[in-house]
**Q** 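Okay, here's the structure, questions in a sec.
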Amino acid sequence: MDLSDADQGSLAEVKHVILVLSGKGGVGKSTMTTEIALALRHAGKKVGILDVDLCGPSIPRMLCVGRPEVHQCDSGWVPVYVDSSKSLALMSIGFLLENPDDAVVWRGPKKTALIGQFVSDVAWGELDYLLVDTPPGTSDEHLSVVENLRKHKLDGAILVTTPQAVSTGDVRREITFCKKIGLRILGLVENMSGFVCPHCSECSNIFSKGGGEDLAKLTGSPFLGCVPLDPQLSSSVENGKDFIQAFPESATFAAINNIVQAVMTSLEAS
Amino acid sequence: MSDVPSNAPEHCPGTASEQAGKSSACAGCPNQKICASGAPKAPDPAIEEIKEKMVTVKHKILVLSGKGGVGKSTFSTQLAHGLASDVSKEVALLDVDICGPSLPRMLGLEGEQVHQSGSGWSPVYVEDNLSVMSIGFLLSSPDDAVIWRGPKKNGMIKQFLRDVDWGELDYLIVDTPPGTSDEHLSIVQYLSSAGIDGAVIITTPQEVSLQDVRKEIRFCQKVKLPIIGVVENMSGFVCPKCKNTSQIFPPTTGGAEKMCADLSLPFLGRVPLDPRIGRSCDEGRSFLSQEPDSPAAAAYHRIIQSIKDYCSHRSRTHGNAD
Ligand SMILES: Nc1ncnc2c1ncn2[C@@H]1O[C@H](COP(=O)(O)OP(=O)(O)OP(=O)(O)O)[C@@H](O)[C@H]1O
Ligand SMILES: [Mg+2]
Ligand SMILES: [Zn+2]
């Protein structure tokens, strides 16, 4: 095998690589990754999702692919295509584990080693965007993903937060993390921002409101927008349905679309 | 269970692994000889020191969840406040979330620092009978990020257990980070000799969360950690205007109660999604004392009572005084 070719790796034909991060768990990283991917596909892009959450992979369920068998070709693992037009590809590290429960008792170093290998070992082929969904926090796994992606290509990170202080506090530390390791912040998303009662249309700020935008100002990071708390979104994600296709009229769709437009503009301009 | 010494190289397979001393990562590691010799792996001496230290702590409870953001820290603080409302009990909270410590804020202790005393680090007190320890007290600013690899986090947790001046305690509640990472393995391992009463597992009603929580339950089984029970959080939102309930996180597969029935685990109860809980936490106040008449407070009280009952039953059957 030609070594310089191997060095280029499987990301050679991938135009943009974006990490989805949050210092806080459960704020909707996997949901945003899924919806941003679907919205990019609707915009006519070829998209891949790399799920590196070893202990809690959610994307396979959110895209309704279960636990497929994966195969290897010369240039690495072949991702799973979600649709027949092959415009959305998924590779989850969970697919590689013989017994997915084993990973729960693995220490950082073991996970790091596996992730490091995995990141550059998927045969993506040609992609406009590769989104990388990460586990919560800033741990060994994140450092390893960044170190390994960087060898090939890494545009930057989208940070997800919910509006309440407990969450923005963690994301504030995450911003320091990004700055320390020199990772570009493409922008902040404030998720679960306000809930409109389906019975009376009253808006309740269940997890407060505005915290993400304030944090973006405070830290001088671009603000990409707010996504409301939407039961139609959570049930689409639960059942692995395409929200973007099912509810194109909703305010949530508009919000997600704006975020995607902002990201495309910022990446495709430069 | 695998273990990684603090001076181990990056890809250490763990001292208990078959590969110990033999994998390529072991080259140059100071422990390689011992590992490769296959000699019985000596347990970390800290485990016994921690056991000594924990003699004065009656009950140790872990709060866990495989899923992020389901409300572990919120529950831990309410549990602590609830237990400490009995002034004859001494309660402490330990935050082992090294990368995302939220307890200082939730308890209104942001900006506090720990002090070194003759017998170790002194925890920070919320009330006379409620103390807290968190890495948040060791950071100098809200921007500070702790970017540590596993072994370094483990060292910190060891210190929290061994070197903090906990004093006489009725309850030590340990709040953990999301998922199952080094922090979880370490806390279970370091407390293995001292003994943990059990774990309270928190989840939200939807399957995306339950699928991770099932993994956490398997984790508990693998490391032989008893499960006190499961709490379903953010269960239904009651509109303050029209009083109708919305299932924001729909229990599409039957929620935590069904999961508990399937796995024969105790179901401890449901806490509704109440924006006032989040607000109390952001402001660092006790929700239980601010909204004592709310349905959420009533739910917390019932759950806390079950946990108390579990612990006192456990002391009777395990013979330590209560
Ligand atoms: N805007 C929203 N409206 C309604 N529900 C949402 C929204 N965003 C996320 N959710 C729901 O919240 C839950 C948590 O989201 P998700 O799993 O994407 O978070 P995460 O940050 O990936 O979590 P983890 O830290 O565990 O990986 C999911 O059930 C999801 O459906
Ligand atoms: Mg996720
Ligand atoms: Zn209403």
Side-chain angles (χ1 to χ4, degrees), chain A residues 22-27 29-31 53 55-56 58 61-62 100-101 103-113 135-141 143 162 164-167 169-170 172-177 180-181 195 197-200 202 204-208 219 229 231 234-235 237-239, chain B residues 1-4 8-14 25 66-70 73 99-100 102 105-106 142-147 149-151 177-182 185 204 206-209 211-212 215-216 218-219 222-223 237 239-242 244 246-250 252 273 275 278-279 281-282:
Chain A
S22 175
K24 178 79 183 163
V27 296
K29 284 177 297 297
S30 306
T31 307
D53 195 341
C55 294
S58 320
R61 183 180 179 90
M62 293 181 172
D101 286 339
V104 299
V105 287
W106 288 358
R107 292 262 179 198
K110 190 162 179 179
K111 294 189 206 168
T112 318
T138 34
S139 62
D140 301 41
E141 283 116 298
L143 290 168
T162 48
Q164 74 273 37
V166 171
S167 175
D170 281 356
R172 187 167 171 185
R173 281 186 282 268
E174 178 100 35
I175 292 172
T176 308
F177 168 85
K180 265 193 195 169
I181 62 173
F195 170 70
C197 175
H199 306 281
C200 72
E202 168 86 355
S204 297
N205 293 327
I206 298 189
F207 297 116
S208 161
T219 57
L229 197 51
S234 53
S235 57
V237 160
E238 270 286 280
N239 302 316
Chain B
M1 193 196 313
S2 73
D3 183 33
V4 173
E10 187 172 338
H11 299 322
C12 167
K67 179 75 185 160
V70 296
S73 304
C99 296
S102 25
R105 171 182 290 272
M106 290 190 178
D143 288 311
D144 263 13
V146 180
I147 313 174
R149 300 241 183 216
T180 33
S181 53
D182 288 52
L185 289 163
T204 46
Q206 77 280 34
E207 182 58 28
V208 169
S209 175
Q211 66 177 6
D212 289 356
K215 279 190 197 257
E216 190 79 31
R218 234 104 60 190
F219 166 82
K222 279 194 185 202
V223 301
F237 169 70
C239 174
K241 196 169 167 204
C242 72
N244 278 308
S246 296
Q247 296 299 339
I248 295 186
F249 301 115
T252 51
L273 193 54
R279 217 169 301 140
C281 285
D282 270 4

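Here is how names work: the chains are called A, B, and so on, in the same order as the sequence lines, proteins then strands, and each is numbered from 1. Keep in mind the model is a prediction, meaning the values are calculated, not measured. Reckoned from all heavy atoms, side chains included, excluding hydrogens, waters and symmetry mates.
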**Q** Does B:Gln211 reach the side chain of A:Ser58, with side-chain heavy atoms less than 4.5 Å apart?
**A** yes
**Q** Answer with side chain, backbone, both or neither: which region of A:Cys55 has an atom nearer than 4.5 Å to a non-hydrogen atom of chain B?
**A** both
**Q** What part of A:Asn239 lies closer than 4.5 angstrom to a heavy atom of chain B: side chain, backbone, both or neither?
**A** side chain
**Q** Any idea which heavy atoms bring B:Lys241 and A:Cys200 closest together, and the distance?
**A** CB-SG, 4.1 Å
**Q** How long is the gap from CD on B:Glu207 to CE on A:Met62, to the nearest 0.5 Å?
**A** 11.5 Å
**Q** With heavy-atom distances below 4.5 Å as the criterion, would you say the side chains of A:Val105 and B:Leu185 are in contact?
**A** yes
**Q** Would you call A:Arg173 and B:Asp143 a salt bridge, using N to O less than 4.0 angstrom?
**A** no
**Q** For B:Glu216, which atoms come within 4.5 Å of any heavy atom of chain A: side chain, backbone, both, or neither?
**A** neither
**Q** Are the side chains of A:Phe195 and B:Ser246 in contact, using a 4.5 Å heavy-atom criterion?
**A** yes
**Q** What part of A:Val166 gets within 4.5 angstrom of chain B, counting heavy atoms only: side chain, backbone, both, or neither?
**A** both
**Q** My understanding is that only residues two or more places apart in sequence, or in another chain, count here; which of them pass side chain to side chain contact (heavy atoms under 4.5 Å, CB included) with A:Ser208?
**A** A:Pro163, A:Gln164
**Q** How about A:Trp106 and B:Asp182: do any of their side-chain heavy atoms sit closer than 4.5 Å?
**A** no
**Q** Which bit of A:Ser204 comes within less than 4.5 Å of chain B, counting heavy atoms only: side chain, backbone, both or neither?
**A** side chain
**Q** For B:Lys67, is it the side chain, the backbone, both, or neither that has a heavy atom closer than 4.5 Å to a heavy atom of chain A?
**A** side chain
**Q** With only heavy atoms counted, which part of A:Ile206 is less than 4.5 Å from chain B, the side chain, the backbone, both or neither?
**A** both
**Q** To the nearest 0.5 Å, tell me how far A:Ser235 OG sits from B:Ile248 CD1.
**A** 11.5 Å
**Q** Has A:Glu238 got a side-chain atom pairing as donor or acceptor with B:Val208's backbone, closer than 3.5 angstrom?
**A** yes
**Q** Answer with side chain, backbone, both or neither: which region of A:Lys29 has an atom nearer than 4.5 Å to a non-hydrogen atom of chain B?
**A** neither
**Q** Is A:Phe177 close to chain B through its backbone or its side chain, or both, or neither, when contacts mean heavy atoms under 4.5 Å?
**A** both
**Q** CD of A:Glu202 to CG of B:Asn244: how many Å apart, nearest 0.5 Å?
**A** 12.5 Å
**Q** Non-hydrogen atoms of chain A under 4.5 Å away: do they reach the side chain of B:Pro250, the backbone, both or neither?
**A** both
**Q** Report the residues that fulfil ring pair (Phe, Tyr, Trp, His ring centres under 6.0 Å) with B:Phe249, sequence neighbours left out, ordered by chain and then residue number.
**A** none
**Q** When only pairs under 4.5 Å are counted, which of B:Lys222, B:Met106, B:Gln247 shares the most heavy-atom pairs with chain A?
**A** B:Lys222
**Q** Please identify, among A:Pro231, A:Gly23, A:Gly56, the residue contributing the most non-hydrogen atom pairs under 4.5 Å to chain B.
**A** A:Gly56
**Q** With a 4.5 angstrom heavy-atom cut-off, which part of B:Leu273 approaches chain A: side chain, backbone, both or neither?
**A** side chain
